[in-house]
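First the structure, in the form of structure tokens, and then the observations on it.
Only heavy atoms go into these numbers, but all of them, side chains included; no hydrogens, no water, no symmetry mates.
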Amino acid sequence: MDRPNDDFACVAKDLLPYTSQQLPISVDGRTWMMRYLDEGPSSGDDATNASAAPVPKATLLCVHGNPTWSFTFRSIVARFSESYRVIAVDHLGCGRSDKPTQREFAYTMAAHRDNLRMLVETLDLNRVVLIAHDWGGAIGLSAMTQCLHRVAGLVLLNTAAFPPPYMPWRIAACRWPLVGRPAVRGLNCFAVAALRMAMARTKLSREAARGLLAPYNSWRNRVAIDAFVRDIPLTDDHPTMATLRELEAALPRWSKLPIELIWGMKDWCFRPECLQRFEAVWPHAIVHRLPTTGHYVMEDSPDETLDRIGDYLTNHVA
């Protein structure tokens, strides 16, 4: 087994004061560390006195998208970890996780899905409430669809789980030949631009901006940001197109679960028509439209978003 890469283990520790746990991921004979936050009560809190260990009401599994990381769920950890076990993952290539090259790891939706499912099964998570944003929605739903018996509920924030109905020009530009990759990986244009473009009603604080950018400070460390952009399928021969179609066909299987959709209506990426697609397949879902909120929902409208999640957990899960 290769020695784990610890370069990222304490990224933004002053802003995210939680110790990341790690799960070894083996790829073609090499081992990479997928890191994740695991806060709040769990069955492993006190192995010597199991009867004294607090029992979580449920496990909140938080799955991020691009170009964020577990940092984006810090307010959920702070607000809910007293009563719930809160796990927030960093996909390989993101946050505090190791960052293999694209020759060393596939960086496809299916690869991230398989890593997340391995985490869920290794930790033997049950009564899971999936909380997902951006690409985290497709990854999280795809992983948990394969083990729905472990799921107690679902909260989605500005995401999709079907082939993209459009390609925003601001993202398409990041795929242009010759200029796209140097802009994304060399100048960090995608992540830096998101600090402003993903907000609609407020301005991101300097601390939040620093935290979001912290893991992505070099060409090598921005490998996943570029890969996520290029993994958006536009043609049938793209490998992720089939993965998304399979996921879309499986969405009705979630219909018996309590579902909440919290949507920033000023998001230019996951626009209201994405919300409408979910409403069509899940007419029973609780929907909260945030009229002036952008893509970074938890940064743009933190109090309202946390209150909605809290009400959902109290009324439908706890």
Discussion item. For L23 and L123: C-alpha separation, side-chain torsions, deciding distance, then whether side-chain contact (heavy atoms from CB on, under 4.5 Å) applies.
Written reply: CA-CA 10 Å; L23 176 73; L123 299 181; over 6 Å; no
Worksheet item: Are D98 and R30 within salt-bridge range, i.e. N to O under 4.0 Å?
Response: no
Worksheet item: Passes salt bridge (charged side-chain N to carboxylate O under 4.0 Å, His left out), R117 versus D114? Steps please.
Response: CA-CA 5 Å; R117 184 177 178 186; D114 293 346; over 6 Å; no
Worksheet item: In terms of side-chain geometry, is the basic nitrogen of D226 or R230 positioned less than 4.0 Å from the acidic oxygen of its partner?
Response: yes
Fill in: Minimum-distance pair of heavy atoms, taken over all atoms of P233 and P164
O-CG, 3.1 Å
Worksheet item: At what distance, to the nearest 0.5 angstrom, does OG1 of T145 lie from CG of L251?
Response: 7.0 Å
Discussion item. Side chains of N217 and N221 only: does a donor on one sit below 3.5 Å from an acceptor on the other?
Written reply: yes
Worksheet item: When you check the side-chain N and O atoms of R201 and S301, is any donor under 3.5 Å from an acceptor?
Response: yes
Item to complete: For the pair E279 and R289, find out whether any cationic side-chain nitrogen is under 4.0 Å from an anionic carboxylate oxygen.
Response: yes
Worksheet item: Are V192 and V229 connected in the hydrophobic side-chain network, where two residues link if heavy atoms are under 4.5 Å apart?
Response: yes
Worksheet item: Heavy atoms, side chains only, cut-off 4.5 Å: are T101 and R220 in contact?
Response: yes
Worksheet entry | Salt-bridge criterion met for E299 and R74 (N-O under 4.0 Å) | yes
Discussion item. On a heavy-atom basis, which atom in V129 and which in L154 lie closest, and how many Å separate them?
Written reply: CG1-N, 4.3 Å
Worksheet entry | Charged N-O contact under 4.0 Å between R150 and E121 | no
Discussion item. Ignoring hydrogens, what is the shortest heavy-atom contact between V297 and H133? Give both atom names and the distance.
Written reply: N-NE2, 4.5 Å
Practice prompt. Considering non-hydrogen atoms only, spot the tightest contact between Y36 and V89 and give its length.
Written response: CB-CA, 3.9 Å
Item to complete: May I ask you to say whether D307 pairs ionically with R79, meaning some side-chain N is under 4.0 Å from a carboxylate O?
Response: yes
Fill in: Modelled atom types, side-chain donor and acceptor of D300 and T293, under 3.5 Å
no
Item to complete: Look at the rings of F278 and W282 and say which category their plane angle falls in: under 30° parallel, 30 to 60° tilted, over 60° perpendicular.
Response: parallel
Fill in: Straight-line distance of L234 CG to T240 OG1, nearest 0.5 Å
11.0 Å
Discussion item. Taking R35 first and then D90, would you say they form a salt bridge - that is, a charged N and a carboxylate O separated by under 4.0 Å?
Written reply: no
Worksheet item: Between M298 and F73, is a side-chain contact (heavy atoms from CB on, under 4.5 Å) present by the stated rule, with each step listed?
Response: CA-CA 8 Å; M298 286 182 290; F73 297 108; 3.4 Å; yes
Item to complete: Side-chain contact test, heavy atoms from C-beta onward, threshold under 4.5 Å: evaluate it for L148 versus L257 and give yes or no.
Response: yes
Practice prompt. Measure the acute angle between the ring planes of W69 and F71, then classify it against the limits of 30° and 60° as parallel, tilted or perpendicular.
Written response: parallel
Fill in: Verdict with reasoning, D28 to R103, per salt bridge (charged side-chain N to carboxylate O under 4.0 Å, His left out)
CA-CA 10 Å; D28 295 332; R103 291 188 300 274; over 6 Å; no
Fill in: Student check: side-chain heavy atoms of D236 and R245 closer than 4.5 Å
yes
Fill in: Minimum heavy-atom distance between Y312 and G153, given as atom pair plus value
OH-CA, 3.2 Å
Practice prompt. Taking all heavy atoms of I262 and all of E260, pick out the closest pair and write down the distance.
Written response: CD1-OE1, 3.7 Å
Worksheet item: Using the ring of each side chain (for Trp, its six-membered ring), is F228 parallel, tilted or perpendicular to H112, with breaks at 30° and 60°?
Response: parallel
Practice prompt. Determine, stepwise, if the pair N115 / H91 fulfils side chain to side chain donor-acceptor pair (under 3.5 Å).
Written response: CA-CA 8 Å; N115 289 346; H91 304 300; over 6 Å; no
Worksheet item: In Å and rounded to the nearest 0.5 Å, what is the SG to CG distance from C147 to N126?
Response: 9.0 Å
Discussion item. I need the I171 CD1 to N66 CG distance, nearest 0.5 Å.
Written reply: 8.5 Å
Item to complete: Determine, stepwise, if the pair V223 / R185 fulfils side-chain contact (heavy atoms from CB on, under 4.5 Å).
Response: CA-CA 7 Å; V223 59; R185 296 192 66 176; 3.6 Å; yes
